[in-house]
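The next block holds one structure in the form of structure tokens; read it before the comments.
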Amino acid sequence: MRNQNIAKVLKEYRKRNHLSVNDVSILLEDRSFTAAPKTIYGWESGVSHS
């Protein structure tokens with residue numbers, strides 16, 4: 001992810017809503033989007049692998 005602001009916003013909103021990375025992974029899966037916790041950590045740190 002090239003935009004560090006997006007990474008900051010993702011992490012801020014997750015923490016503001018008292019969610020763990022695993023919680024976010026489960027919520028995304030409930031909405032038919034698979035993202036492992038490791039992937040979400042990558043998004044939040046601004047690291048993305050294509």
Side-chain angles (χ1 to χ4, degrees):
M1 192 175 299
R2 293 174 187 240
N3 189 336
Q4 289 297 317
N5 289 330
I6 293 171
K8 276 173 91 171
V9 168
L10 287 171
K11 188 171 189 176
E12 181 180 320
Y13 274 95
R14 178 179 61 77
K15 288 188 171 201
R16 188 180 294 174
N17 287 287
H18 309 287
L19 296 169
S20 70
V21 171
N22 195 53
D23 293 335
V24 173
S25 179
I26 292 167
L27 287 169
L28 289 171
E29 191 172 317
D30 288 346
R31 289 160 179 79
S32 301
F33 187 89
T34 302
K38 183 177 178 180
T39 301
I40 297 167
Y41 278 121
W43 294 342
E44 289 185 354
S45 66
V47 176
S48 176
H49 300 285
S50 300

(Q) Rounded to the nearest 0.5 Å, what separates atom OG in S45 from atom CG in L10? (A) 10.5 Å
Q) Are I26 and I40 connected in the hydrophobic side-chain network, where two residues link if heavy atoms are under 4.5 Å apart? A) no
Q: Identify whether L27 and V9 are in the same connected component of the hydrophobic contact network (ILVMFWY, side-chain heavy atoms under 4.5 Å).
A: no
Q. At their closest point, which heavy atom of N22 faces which heavy atom of P37, and how far apart are they?
A. OD1-CG, 3.7 Å
Q | Verify same cluster id: Y13, Y41 (apolar side-chain graph, 4.5 Å) | A | no
Q. Between atom NZ of K15 and atom CD of E12, what is the distance when rounded to the nearest 0.5 Å?
A. 10.5 Å
Q: Keeping the roles fixed (side chain from D23, backbone from S20), state whether a donor-acceptor pair exists under 3.5 Å.
A: yes
Q.
Which heavy atom of S25 sits nearest to which heavy atom of A35, and what is that distance?
A. OG-O, 2.6 Å
